[in-house]
Novice: 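Starting off with a structure, shown below.
Chain letters run A, B, ... following the sequence lines, proteins first and then strands; every chain starts at 1. Worth knowing before you read on, the calculation uses all heavy atoms, side chains too, and leaves out hydrogens, waters and symmetry mates.
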Protein chains: 2
Amino acid sequence: MKALAQNETVNAQVLTALRAAVITGELAPGTLHSVQTLATELGVSRTPVREALIKLAQQGMVRFERNRGVRILQTSLHDLEEVFALRLLLEPAAVRRAVTRLDEPTRKELRKLFAAMQKAAKADDEFTMLEHDRRFHRVVLEASGNTRLATYVDGLRDMVLRRGVSTARESRSLDDIVDEHAEILVLIEAGDSDGAAQAMRAHILHTAELLIAQEAGAEVGALDIDLGWTNPAAGDADMRPD
Amino acid sequence: MKALAQNETVNAQVLTALRAAVITGELAPGTLHSVQTLATELGVSRTPVREALIKLAQQGMVRFERNRGVRILQTSLHDLEEVFALRLLLEPAAVRRAVTRLDEPTRKELRKLFAAMQKAAKADDEFTMLEHDRRFHRVVLEASGNTRLATYVDGLRDMVLRRGVSTARESRSLDDIVDEHAEILVLIEAGDSDGAAQAMRAHILHTAELLIAQEAGAEVGALDIDLGWTNPAAGDADMRPD
DNA sequence: CAGTGGTGTGTGGCATGTCACTCTCGGCGG
DNA sequence: CCGCCGAGAGTGACATGCCACACACCACTG
């Protein structure tokens, strides 16, 4: 278990450490752990650990089992479908909105994050790459002006990360990921809100298909995967009753 | 403060009681309360109260202020915009999906809930009416098959409820609300997924406009309200890269 | 050897103890 | 009368105590 950082409330430190441990697989899906054990490993008392676990439980990463322990939940195929269906509904719309609200500092940060992604991809540093990937999306989401949306979608990524980490490489190169973000960034900077939204949608859909296809292979087999219901061909267009 | 129910973990009881107290305004927005006080009023120790408050804090209903207390957050105009922007993105899509997956038991429950709404409206029982309203939406959302979406949207309603309760009456009669749900229900039963989605969108948009207009009047004044970004005229249609 | 009952260990849930810090309020100096 | 300041009360955050209960393990019985 990783040591704790400083200059923060213990609760937040524990939360970060536990989340990281789950994502990296240090706390393996399906396994049981006691609050006491985790607290000892982190060098704190049970209270902040329990409180952090409550937050993770609300997010769906763990589950308390009375008198048994805390179970690390694994993301099922259905979980992935749910997460990506939500992301497909929210992120393209957020990008579209963000383009119309973007200011220069935010634009600059996006460029900076993208450059960091490129650099990490060149160095074949998957972890750093995914970190910047996440921050890139986060900045875009926040630029939409909807904090709740940004926070929620960012939380959804946790469900996927432990699949993405160490498996992304098998199906898609880091350079491919960079390329998809490049397209999004270009369209954002060009002020093309619809184009950026479409690029984001394609990016998420692509990621979803790779992860779900991979996971479906690892499970029972063929399952009807349809994420398209999120944005049907004949959809919400021209539906402005006002 | 309402007494606690039985046959449930204390934590859940406290959570329900606190949520209800916030919604009804018994815990007024902006006010500070101590965990000790709340625990005493509820007749339990500080621990389950604190844990319940942590969950409410994650949801954005309260905020811990170190060495000061727990502040009951008021939903600002911007909060309402965020919530309804999210609902506009999620609920119409969920309804569209739900229509294609609906089974007879669920249909039956929707009819039952709608009948209950009618009855409560006739009896001018606002609280019961809103309860059934919420369950109606919840059933529809769950019928989409996306549990996360259902849970999240249901949680979003908490942010609005304490505005809706005792204020809905001022701008819209209970019968109007029933009528909007009638339209949705008819289209769902007819298997018209696009129509149902559009009706849901109109319903949410209507509600949002009433609440936001009312709130804007109570605040500084005119503010640029635009929820439309969630579903632009030229949007995600024909965007199936697969 | 197989089945069973009881006991011991470990757990989450709840209660309580402890501490650093913040805010209040009254007394004192101006 | 007004302003400052310091002591006390109250708080959230964290640590610890306590309990009912689930489960594994083992001795005992057939």
Novice: How long is the line joining CG of A:Asn67 and C1' of C:dG10, in whole Å?
Specialist: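 After rounding, the reported distance stands at 9 Å.
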
Novice: Answer yes if the ring centres of B:His203 and B:His137 are under 6.0 angstrom apart, and no otherwise.
Specialist: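 Yes: the rings meet the under 6.0 Å criterion.
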
Novice: With sequence neighbours excluded, what pairs up with B:Glu51 under the side-chain hydrogen bond (donor to acceptor under 3.5 Å, both in side chains) test?
Specialist: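 B:Glu51 satisfies side-chain hydrogen bond (donor to acceptor under 3.5 Å, both in side chains) with A:Arg50, B:Asn11 once adjacent residues are dropped.
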
Novice: Using side-chain hydrogen bond (donor to acceptor under 3.5 Å, both in side chains) as the criterion, list what pairs up with A:Glu65, not counting sequence neighbours.
Specialist: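 For A:Glu65 the side-chain hydrogen bond (donor to acceptor under 3.5 Å, both in side chains) partners, ignoring immediate neighbours, are A:Arg63, A:Arg68, A:Arg71.
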
Novice: For DNA chain C, which ranges pair as stems of 3 or more consecutive Watson-Crick or G-U pairs, with both donor-acceptor distances under 3.5 Å?
Specialist: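 The stems are C:1-30 with D:1-30.
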
Novice: In whole angstroms, how far is the P atom of D:dT11 from the CZ atom of B:Arg71?
Specialist: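 Taking atom P of D:dT11 as the reference, CZ of B:Arg71 is at 14 Å.
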
Novice: Reading nucleotides 13-18 of chain C from the 5' end, what letters show protein touch, with B for base, S for backbone sugar-phosphate only, - for no heavy atom under 4.0 Å?
Specialist: BSBBBB

Novice: Can B:Arg148 and A:Asp79 be counted as an ion pair, charged N to O under 4.0 angstrom?
Specialist: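 Judged by the 4.0 Å cut-off on N to carboxylate O distance, B:Arg148 and A:Asp79 do form a salt bridge.
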
Novice: Just wondering, are more than 12 heavy atoms of other shown residues or ligands nearer than 6.0 Å to CZ in B:Arg135?
Specialist: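 Not buried by this count: 12 neighbours or fewer within 6.0 Å.
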
Novice: Can you sort out the partners of B:Ala121 under side chain to side chain contact (heavy atoms under 4.5 Å, CB included), two or more places apart, ordered by chain and number?
Specialist: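 Result, side chain to side chain contact (heavy atoms under 4.5 Å, CB included) vs B:Ala121: B:Met129, B:Leu174, B:Asp175, B:Val178.
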
Novice: Could you tell me whether B:Arg107 and B:Glu104 make a salt bridge, using a distance below 4.0 angstrom between a side-chain N and a carboxylate O?
Specialist: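 Looking at B:Glu104 together with B:Arg107, the answer is yes, because their closest N to O distance falls below 4.0 Å.
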
Novice: Salt bridge check: are B:Asp158 and B:Arg134 linked by an N-O gap of less than 4.0 Å?
Specialist: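 Yes, B:Asp158 and B:Arg134 are salt-bridged.
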
Novice: Flag the pair B:Arg157 and B:Asp133 as a salt bridge only when some basic side-chain nitrogen lies within less than 4.0 angstrom of an acidic carboxylate oxygen.
Specialist: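 Salt bridge flag = yes for B:Asp133 with B:Arg157.
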
Novice: Enumerate all atom pairs, one protein N or O and one N or O from nucleotides 7-9 of chain D, separated by less than 3.5 Å.
Specialist:
none

Novice: Rounded to whole angstroms, how far apart are CD on A:Gln36 and C1' on D:dA15?
Specialist: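 Rounded to the whole Å, the gap is 11 Å.
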
Novice: Are any of the side-chain nitrogens in A:Glu142 or A:Arg101 under 4.0 Å away from the carboxylate oxygens of its partner?
Specialist: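 Judged by the 4.0 Å cut-off on N to carboxylate O distance, A:Glu142 and A:Arg101 do not form a salt bridge.
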
Novice: For A:His33 and C:dG12, give me the distance from atom NE2 to atom C1', rounded to whole Å.
Specialist: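 The distance from NE2 of A:His33 to C1' of C:dG12 comes to 16 Å, rounded to the nearest Å.
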
